[in-house]
Amino acid sequence: MQKKHYEDAQAPLNCHKRQEKTDKDRMQHTVCMDCSSYSTYCYRCDDFVVNDTKLCLVQKVREHLQNLENSAFTAERHRKRKFLESASLSKKLLKVNGSTTALCATGLRNLGNTCFMNAILQSLSNIQQFCCYFKELPAVELRNGKTAGRRTYHTRSQGDVNVSLVEEFRKTLCALWQGNQTAFSPESLFYVVWKIMPNFRGYQQQDAHEFMRYLLDHLHLELQGEFDGSSHSVLSQANCSRSASNKCCINGASTVVTSVFGGVLQNEVNCLICGTESRKFDPFLDLSLDIPSQFRNKRCKNQENGPTCTLRDCLRSFTDLEELDETELYTCLKCKKKQKSTKKFWIQKLPKVLCLHLKRFHWTAYLRNKVDTYVDFPLRGLDMKSFLLEPENIGPESCLYDLAAVVVHHGSGVGSGHYTAYATHKGRWFHFNDSTVTLTEEETVAKAKAYILFYVERQVPATTEKL
């Protein structure tokens with residue numbers, strides 16, 4: 001069509017100026033350029049042009065068209081982004097007492113199966129006494145010199161790497177709950193995680209509880225300023241027999257990690273042959289609870305068949321007296337050999353934030369299966385007094401805990417599925433699903449199949465003495 005239009009337009013002009021053609025006219029050729037492929041076609045030669053002019057005019061036209069296309073694409077992308085942001089903003093508006101209020105919650109982008117990390121980060125960001133500590137830290141550049149606060153981590157593949165997990169964790173927490181309507185990308189934090197936690201490199205699905213423990217351990221060690229490159233745990237399990245008067249057995253100085261999440265268990269073992277009793281105090285950052293087998297057929301809260309498993313059932317199963325099997329025989333100090341024995345846990349010291357991990361994944365002969373049992377848990381008023389070693393020395397209010405956050409695993413296996421989190425903020429419950437944050441009801445939270453539960457110690461109101 002373009003060539004026919006050119007020929008029709010040139011016919012009368014050629015007749016009028018046939019006698020006036022010069023050598024210069026014969027040198028002129030009319031060309032066009034395909035805007036998609038940028039190929040150049042000559043109408044006079046009826047062929048595509050490969051060579052260019054001495055002034056590179058064809059290439060200049062080609063570059064100009066490319067710039068126009070790029071600017072148009074950028075403008076369209078910007079328009080779409082503004083549209084999505086406005087749509088997201090409208091979704092984040094809710095009615096509170098008749099007035100419209102914007103949600104201040106910010107989602108976290110999924111960087112490739114990083115929902116396990118996002119769920120833990122959102123949960124920790126809603127534990128105020130823990131989160132506020134990091135948010136109030138000065139930026140690493142404002143501490144004593146530009147490299148202050150950074151630790152040298154040694155990794156086999158990367159050598160010595162100067163990064164700060166505390167700093168990137170602080171930046172991530174500061175980015176949340178600032179009212180930003182677009183999701184925050186925790187790529188800098190994930191980069192540090194890759195550097196110092198080799199188990200979490202790559203983009204395969206990971207276990208959220210395992211990540212939480214690694215994260216807390218490394219935060220504690222960096223805050224101590226004594227990290228030596230080894231991957232030992234925060235809590236020293238060896239040489240840990242202390243008297244009941246001791247508060248905790250913590251590896252090194254206390255930090256915000258151990259002061260908020262740290263508790264102490266008393267482990268009692270009794271020899272069934274001679275009756276010798278052994279006591280040991282074990283610090284903990286969380287408690288891993290089995291789901292009793294008699295409840296495992298009940299998959300949802302409203303299912304009628306069989307009794308409902310409660311969180312107290314799991315706690316009782318953890319603290320009840322049990323006889324150790326043949327693979328766990330205790331070496332009796334009096335008998336001087338391994339004997340049949342019983343074991344019982346007591347909680348000697350409760351933490352400020354009680355983290356309860358429900359053991360939903362267990363190994364069979366070949367696979368790691370998921371226990372999909374529904375466990376009923378209280379949203380407020382979890383009473384831990386009956387599990388204490390010396391409950392008579394504790395006031396009635398100081399053993400009560402209220403739920404702050406829940407991590408949920410959706411799917412059938414630990415290496416697959418998806419993690420989300422529920423958390424309460426200023427009296428309202430939110431559901432965190434990577435970049436999407438929505439308001440939710442307490443009834444929805446109560447129906448969730450919890451994997452990790454974060455309970456915050458209820459504050460006892462200060463009593464004023466009568467004068």
Side-chain angles (χ1 to χ4, degrees), residues 120-121 123-138 140 143-144 148-153 164-170 173 192 196-197 209 211-267 279-288 345-357 384 387-390 393-395 398-399 401 404-405 452 454-460:
I120 293 298
L121 293 176
S123 298
L124 294 178
S125 74
N126 286 282
I127 299 174
Q128 297 305 315
Q129 51 194 313
F130 183 72
C131 176
C132 289
Y133 173 87
F134 289 94
K135 290 167 67 175
E136 291 171 1
L137 284 176
V140 70
R143 302 175 204 166
N144 301 319
R150 297 189 184 274
R151 302 294 169 220
T152 300
Y153 294 88
S164 175
L165 179 65
V166 171
E167 174 67 5
E168 296 305 330
F169 185 67
R170 181 194 69 82
L173 294 181
V192 176
I196 65 177
M197 305 179 197
H209 175 252
F211 171 75
M212 181 196 75
R213 287 305 311 267
Y214 269 89
L215 178 66
L216 293 179
D217 281 3
H218 283 274
L219 286 173
H220 170 75
L221 291 167
E222 187 175 313
L223 288 169
Q224 282 183 318
E226 298 174 355
F227 189 66
D228 58 2
S230 62
S231 58
H232 56 271
S233 173
V234 169
L235 304 180
S236 175
Q237 299 300 322
N239 301 321
C240 201
S241 55
R242 295 190 175 186
S243 64
S245 61
N246 285 12
K247 291 294 181 183
C248 284
C249 178
I250 302 295
N251 179 24
S254 177
T255 67
V256 66
V257 175
T258 53
S259 65
V260 171
F261 292 97
V264 180
L265 287 174
Q266 177 177 291
N267 183 2
R279 294 181 181 179
K280 186 173 72 170
F281 292 91
D282 296 321
F284 67 88
L285 294 181
D286 68 304
L287 299 178
S288 292
F345 283 118
W346 296 94
I347 298 178
Q348 194 264 334
K349 174 185 175 293
L350 282 167
K352 295 176 183 176
V353 175
L354 180 63
C355 180
L356 301 176
H357 161 235
M384 295 295 295
F387 307 105
L388 286 174
L389 178 64
E390 299 173 343
N393 298 331
I394 305 295
S398 58
C399 299
Y401 286 80
I452 306 172
F454 296 89
Y455 280 95
V456 176
E457 183 182 29
R458 183 178 293 180
Q459 297 298 315
V460 180

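- Shortest non-hydrogen contact noted between Val257 and Leu216 is CG1-O, 3.8 Å.
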Full working for side-chain contact (heavy atoms from CB on, under 4.5 Å) between Met212 and Cys355: CA-CA 11 Å; Met212 181 196 75; Cys355 180; 3.7 Å; yes
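- Separation of atoms CG (Asp282) and CZ (Phe345) is listed at 6.5 Å; rounding is to 0.5 Å.
- Checking side-chain atoms of Lys349 against main-chain N and O of Gly262 turns up a donor-acceptor pair under 3.5 Å.
- In terms of heavy atoms, Ile347 sits closest to Leu265 at CG1-CD2, 3.8 Å.
- Nearest heavy-atom pair, Leu165 versus Met197, reported as atom, atom and distance to 0.1 Å: CD2-CE, 4.0 Å.
- Listed here is the closest heavy atom pair of Tyr401 and Lys352: CE2-O, 3.8 Å.
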Ile196 vs Tyr214, side-chain contact (heavy atoms from CB on, under 4.5 Å): CA-CA, chis, key distance, verdict: CA-CA 10 Å; Ile196 65 177; Tyr214 269 89; over 6 Å; no
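- Once rounded to the nearest 0.5 Å, the distance linking CZ of Phe169 with NZ of Lys135 reads 11.0 Å.
- Rounding to the nearest 0.5 Å gives a distance of 11.5 Å between CG of Asn126 and CG of Leu121.
- Closest non-hydrogen pair, Glu222 versus Glu167, comes out as OE2-N, 4.5 Å.
- In this structure, the separation between CG on Leu221 and OG1 on Thr255 is 8.5 Å, given to the nearest 0.5 Å.
- With sequence neighbours excluded, the residues forming a side-chain contact (heavy atoms from CB on, under 4.5 Å) with Val256 are Phe130, Tyr133, Phe134, Leu223, Ser259, Val260, listed by chain and number.
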Audit row: Leu350, Glu457, side-chain contact (heavy atoms from CB on, under 4.5 Å) steps and yes/no: CA-CA 9 Å; Leu350 282 167; Glu457 183 182 29; 6.0 Å; no
Audit row: Leu388, Cys399, side-chain contact (heavy atoms from CB on, under 4.5 Å) steps and yes/no: CA-CA 9 Å; Leu388 286 174; Cys399 299; 3.6 Å; yes
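- Between Ser288 and His357 the shortest heavy-atom distance is OG-ND1, 2.8 Å.
- Residues Leu215 and Leu124 are in side-chain contact: their nearest non-hydrogen atoms beyond the backbone lie under 4.5 Å apart.
- The distance from the CD atom of Gln348 to the CG atom of Asn267 is 13.0 Å, given to the nearest 0.5 Å.
- Separation of atoms NE2 (His220) and CZ (Phe261) is listed at 13.5 Å; rounding is to 0.5 Å.
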